[in-house]
**Student:** 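Here it is: the structure, laid out below.
Along the sequence shown, residues are numbered consecutively beginning with 1. In listed order, ligands and their atoms are each counted from 1.
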Amino acid sequence: MTTALVTGGAGFIGSNLVFELVKKGYQVTVVDDLSMGLKANLAEVMDQIEFHEHDVCDHEFMHQVLDHNFDYIYYLAAVASVADSVERPYETHRVNQESVVDTLEYLRVKNLKPKKFLFTSSAAVYGNYPELPKREDSRVQPLTPYAVDKYASERYTIDYGKLYGLSTVAVRFFNVFGPRQNPSSPYSGVMSIVTKCLLNDQEFTLFGDGKQTRDFIYVKDIVNALIFISETPASNEVYNIGYGHQNALIDVIHQYEQAAEKQLKIKFAASRAGDIDESLADVTRLTKLGFKPQWGLENGLREYWEYASNNG
Ligand code: NAD
Ligand code: UD1
């Protein structure tokens, strides 16, 4: 039976990924300390997976888990908030970089060779240089501890692959939205906070003028891309994952209001430190590999609202 380890598998993207892997008949192991993830995210599959509520920074523990010799390792565990990394740079560094390097090192030392080690990096590595769209070989400018750690970890991922004969890929997600994104922290993904505010008639604080742009992508397309890439021979390479569309935050909010048939109460506030002004993916490399997204922004927003209003 095909086996997969998903770190951060109780989180937003991780739980959506775990569902698809279970559907494919994989035997899935999840390690998540539930700092942001929720057991409830995995309720429907909990009896079909091996779940460890544990910190990926506990190296001894991770070594025992890695001894299973998985076919696929999807490394998603991270403190996913850029703003949180600015508040807690060292704590987030331990998760976002040290734990990744330790895992790679253990694979090297024990000569474990998964079919793919996939690390989830971020568009945040590109920073604020003006050239758009961002290609995988565009200049990087990591402006926050989060971005520095993501960039370093993806380099370790690629270089461990090249130096020690591991099949690795790093993916740079652009802005992902959809079911099971936890809105409970002020640092949560923006569309999960917008959703919570719409559901509860709360005021939403928009940091900046709303003209900052992001390449929003629906989580189902992200999960399909992760599975697709991991099953190709792609190796020791970085891939952007986005739609290749640049959307102003305020426009996406208006589009979402239409899907929800509700109006959001918005209060404007100063921009956040380290916030990126403009973001847009060049997805040529992923397209050439043969991947086509199926959902798109509009369908994704509609389906997200439908899910949120039924599960609210
Ligand atoms: P998330 O916060 O929902 O998922 C991360 C998971 O990691 C959570 O379940 C959390 O509990 C877990 N975790 C955190 N610290 C841990 C630790 N020390 N030990 C074990 N588990 C720990 O966020 P997400 O949006 O699902 O992000 C998944 C991955 O994708 C992250 O690596 C994130 O940096 C990356 N990413 C996300 C986006 C996005 O737009 N959501 C964009 C780019 C990259
Ligand atoms: C997001 C991801 C990060 C990822 C990056 C890749 C989360 C929490 N962050 O960062 O993991 O690496 O995309 O591009 O998933 N905003 C508001 N009000 C709010 C919250 C946010 O106006 O209540 C604004 C922010 O200031 C920012 C935009 O919305 O301008 C997006 O913020 P956020 O969802 O936190 O995403 P990024 O910082 O882009």
Side-chain angles (χ1 to χ4, degrees), residues 6-17 30-39 41-42 52-58 61-62 74-86 91-92 94-96 98-100 119-126 134 143-144 146-147 149-150 153-154 170-178 180-194 196-197 203-217 219 222-223 226 240-242 248-250 252-253 266-281:
V6 183
T7 70
F12 161 44
I13 301 169
S15 59
N16 281 285
L17 172 65
V30 169
V31 178
D32 195 303
D33 69 352
L34 303 183
S35 50
M36 256 320 246
L38 301 166
K39 254 188 182 167
N41 282 345
L42 294 171
H52 300 280
E53 179 178 342
H54 215 99
D55 185 348
V56 289
C57 299
D58 179 346
F61 168 79
M62 283 303 289
Y74 295 95
Y75 210 100
L76 278 74
V79 178
S81 162
V82 175
D84 197 5
S85 82
V86 175
E91 279 170 76
T92 57
R94 290 186 61 239
V95 188
N96 292 355
E98 281 180 19
S99 76
V100 184
F119 173 70
T120 51
S121 182
S122 165
V125 303
Y126 293 115
K134 300 298 185 189
L143 294 170
T144 54
Y146 175 85
D149 286 331
K150 285 292 183 187
S153 297
E154 74 168 57
V171 290
R172 292 178 181 163
F173 293 154
F174 281 66
N175 285 61
V176 193
F177 69 94
R180 300 189 188 86
Q181 190 168 30
N182 184 348
S184 69
S185 147
Y187 301 133
S188 295
V190 65
M191 293 312 292
S192 71
I193 298 177
V194 168
K196 188 179 74 172
C197 291
E203 189 174 62
F204 169 75
T205 305
L206 202 162
F207 301 111
D209 58 8
K211 291 185 185 145
Q212 64 265 49
T213 62
R214 294 292 186 274
D215 190 339
F216 283 99
I217 175 166
V219 68
I222 284 281
V223 166
L226 290 182
N240 284 339
I241 314 185
L249 176 58
I250 191 74
V252 174
I253 290 174
I266 302 178
K267 179 179 94 187
F268 286 86
S271 300
R272 279 174 166 172
D275 203 36
I276 306 276
D277 297 330
E278 293 197 280
S279 183
L280 170 64

**Student:** Below 4.0 angstrom from a heavy atom of N175, which ligand 1 atoms are there? Numbered from 1 as shown, please.
**Tutor:**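 Selected atoms, number and element: 40 (O).
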**Student:** Is the shortest heavy-atom distance from the side chain of V79 to the side chain of E91 under 4.5 Å?
**Tutor:**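 Side-chain contact under 4.5 Å: no.
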**Student:** With no hydrogens and no angle check, is any side-chain donor or acceptor of T120 less than 3.5 Å from a backbone partner on Y75?
**Tutor:**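 Present.
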**Student:** Find all atoms of ligand 1 within a distance of less than 4.0 Å from any non-hydrogen atom belonging to H54, and give their numbers and elements.
**Tutor:**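 In order of number, 19 (N), 20 (C).
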**Student:** One residue to check: L34. Relative to ligand 1, which of side chain, backbone, both or neither has a non-hydrogen atom less than 4.0 Å away?
**Tutor:**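 It is the backbone that gets close, since no side chain atom is under 4.0 Å.
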**Student:** Find all atoms of ligand 2 within a distance of less than 4.0 Å from any non-hydrogen atom belonging to S122, and give their numbers and elements.
**Tutor:**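 Going through ligand 2 atom by atom, the ones under 4.0 Å from S122 are 4 (C), 5 (C), 6 (C), 12 (O).
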**Student:** Have a look at ligand 1 and work out which part of K150, if any, has a heavy atom under 4.0 Å from it: side chain, backbone, both or neither.
**Tutor:**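 It is the side chain that gets close, since no backbone atom is under 4.0 Å.
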**Student:** Measure the shortest side-chain to side-chain distance between I253 and L206 over non-hydrogen atoms and say whether it is less than 4.5 angstrom.
**Tutor:**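 A side-chain contact exists here, since the closest heavy-atom pair is under 4.5 Å.
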**Student:** So is S122 polar-close to ligand 1, meaning N/O to N/O under 3.5 Å?
**Tutor:**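 It does not: no N or O of S122 is found under 3.5 Å from an N or O of ligand 1.
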**Student:** Less than 3.5 Å between some nitrogen or oxygen of S81 and one of ligand 2, yes or no?
**Tutor:**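 No; the residue has no nitrogen or oxygen that sits under 3.5 Å from a nitrogen or oxygen of the ligand.
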**Student:** Take every heavy atom of A10, measure it against each atom of ligand 1, and state whether any distance is under 4.0 Å.
**Tutor:**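 Flag set, A10 near ligand 1.
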**Student:** Taking only heavy atoms of Q181 into account, list the atoms of ligand 2 that are under 4.0 Å away from them.
**Tutor:**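 Listed by number with element: 15 (O).
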**Student:** Work out whether the distance between some heavy atom of Y146 and some atom of ligand 2 is less than 4.0 Å.
**Tutor:**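 A heavy atom of Y146 does come that close to ligand 2.
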**Student:** Under 3.5 Å, is there a donor-acceptor pair between the side chain of T213 and the main chain of S279?
**Tutor:**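 Yes; at least one donor-acceptor contact below 3.5 Å.
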**Student:** With rounding to the nearest 0.5 angstrom, report the NE2 to CG distance, H54 to L34.
**Tutor:**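 The CG atom of L34 is 12.0 Å from NE2 of H54, to the nearest 0.5 Å.
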**Student:** Quick one: closest heavy-atom pair of V30 and G9, and the distance?
**Tutor:**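 Smallest heavy-atom distance, with atoms named: CG1-CA, 3.6 Å.
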**Student:** Considering the heavy atoms of F204, write down every atom of ligand 2 situated less than 4.0 Å from one of them.
**Tutor:**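 Contacts of ligand 2 toward F204, numbered from 1: 17 (C), 18 (N), 19 (C), 22 (O), 23 (O).
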**Student:** Could you tell me if any non-hydrogen atom of F177 lies under 4.0 Å from any atom of ligand 1?
**Tutor:**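 Contact check F177 vs ligand 1: negative.
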**Student:** Which atoms of ligand 2 are found less than 4.0 Å from any heavy atom of Y187?
**Tutor:**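 Close to Y187: 8 (C).
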**Student:** Does ligand 1 have an atom that lies less than 4.0 angstrom from a heavy atom of Y75?
**Tutor:**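 It does not, in that no heavy atom of Y75 comes within the 4.0 Å cut-off of ligand 1.
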**Student:** Heavy atom under 4.0 Å from ligand 1: found in S99's side chain, backbone, both, or neither?
**Tutor:**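 Contact part for S99 vs ligand 1: neither.
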**Student:** Does V86 offer a backbone N or O that forms a donor-acceptor pair with the side chain of T144 under 3.5 Å?
**Tutor:**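 Side chain of T144 to backbone of V86, a donor-acceptor pair under 3.5 Å: no, none is there.
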**Student:** Would you find a donor on one side and an acceptor on the other, under 3.5 Å apart, between the side chain of E53 and the backbone of K39?
**Tutor:**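 Side chain of E53 to backbone of K39: no pair is present.
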**Student:** Grab the two heavy atoms, one from L280 and one from F174, that are nearest each other, plus how far apart they are.
**Tutor:**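 Heavy-atom minimum between the residues: C-CE2, 3.6 Å.
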**Student:** Check ligand 1 against G11 and write out every atom of the ligand that is under 4.0 Å from a heavy-atom position of the residue.
**Tutor:**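 Going through ligand 1 atom by atom, the ones under 4.0 Å from G11 are 3 (O), 4 (O), 8 (C), 9 (O).
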**Student:** Using non-hydrogen atoms of the residue, decide whether I276 is closer than 4.0 angstrom to ligand 2.
**Tutor:**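 Contact absent.
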**Student:** At less than 4.0 angstrom from any non-hydrogen atom of F174, what atoms of ligand 1 do you find?
**Tutor:**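 By the 4.0 Å cutoff, the relevant atoms are 40 (O), 42 (C), 43 (C).
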**Student:** So if I count the atoms of ligand 2 from 1 in the order they appear, which ones are less than 4.0 Å from some heavy atom of F173?
**Tutor:**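 Contacts of ligand 2 toward F173, numbered from 1: 6 (C).
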**Student:** Within a strict 4.5 Å, meaning less than it, do heavy atoms of the D215 and N240 side chains meet?
**Tutor:**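 With C-beta onward as the side chain, the pair stays apart.
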**Student:** Going by an N to O cut-off under 4.0 Å, is there a salt bridge joining R214 and D275?
**Tutor:**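 The answer is yes: the pair qualifies as a salt bridge.
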**Student:** Does S35 approach ligand 1 within less than 4.0 angstrom via side chain, backbone, both or neither, non-hydrogen atoms only?
**Tutor:**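 Within the 4.0 Å criterion, S35 contacts ligand 1 through backbone and side-chain atoms alike.
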**Student:** Numbering the atoms of ligand 1 from 1, which are under 4.0 Å from a heavy atom of D55?
**Tutor:**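 Numbered from 1, ligand 1 contributes 17 (C), 18 (N), 19 (N).
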**Student:** Using heavy-atom distances only, which candidate in L206, D209, V190 approaches atom 34 (O) of ligand 2 most closely?
**Tutor:**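 Heavy atom nearest to atom 34 (O) of ligand 2 belongs to V190.
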**Student:** Could you tell me which atoms of ligand 1, counted from 1 in the order shown, lie closer than 4.0 angstrom to a heavy atom of M36?
**Tutor:**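 Answer for ligand 1: 2 (O), 8 (C), 10 (C), 11 (O).
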**Student:** Could you tell me which atoms of ligand 1, counted from 1 in the order shown, lie closer than 4.0 angstrom to a heavy atom of L76?
**Tutor:**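 In order of number, 28 (C), 29 (C), 31 (C), 32 (O).
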**Student:** List every atom of ligand 2 that sits less than 4.0 Å from any heavy atom of S188, numbering the atoms from 1 in the order shown and giving each element.
**Tutor:**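 Heavy-atom distances to S188 below 4.0 Å select 8 (C).
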**Student:** Using a 4.0 Å heavy-atom threshold (strictly under), name the region of M191 that reaches ligand 2: side chain, backbone, both or neither.
**Tutor:**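 No part of M191 comes within reach of ligand 2.
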**Student:** Quick check on contacts: which atoms of ligand 1 are under 4.0 angstrom from a heavy atom of S121?
**Tutor:**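 Going through ligand 1 atom by atom, the ones under 4.0 Å from S121 are 43 (C), 44 (C).
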**Student:** Using modelled atom types only, decide if a donor and an acceptor are shared between the side chain of S153 and the backbone of K150 within a distance under 3.5 Å.
**Tutor:**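 Pair absent, no side-chain N/O of S153 close to backbone of K150.
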**Student:** Is the H52 ring parallel, tilted or perpendicular to the F61 ring (thresholds 30°, 60°)?
**Tutor:**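 If you compare the ring of H52 with that of F61, the planes turn out perpendicular.
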**Student:** What is the minimum heavy-atom distance between Y146 and S85, and which atoms define it?
**Tutor:**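 Looking at all heavy atoms of both residues, the closest pair is N-OG, 2.9 Å.
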**Student:** Is the side chain of N41 donor-acceptor paired with the backbone N or O of A10 at a distance under 3.5 Å, no angle test?
**Tutor:**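 The answer is yes, because a donor-acceptor pair under 3.5 Å joins these two groups.
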**Student:** Counting both backbone and side chain atoms, is some N or O of G37 under 3.5 Å from an N or O of ligand 1?
**Tutor:**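 The answer is yes, given that G37 and ligand 1 share an N or O pair closer than 3.5 Å.
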**Student:** So for R172, does at least one of its heavy atoms come nearer than 4.0 angstrom to any atom of ligand 1?
**Tutor:**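 So R172 does not count as touching ligand 1.
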**Student:** Please check this pair: side chain of K211 against backbone of I250, looking for a donor-acceptor N/O pair closer than 3.5 Å.
**Tutor:**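 Absent.
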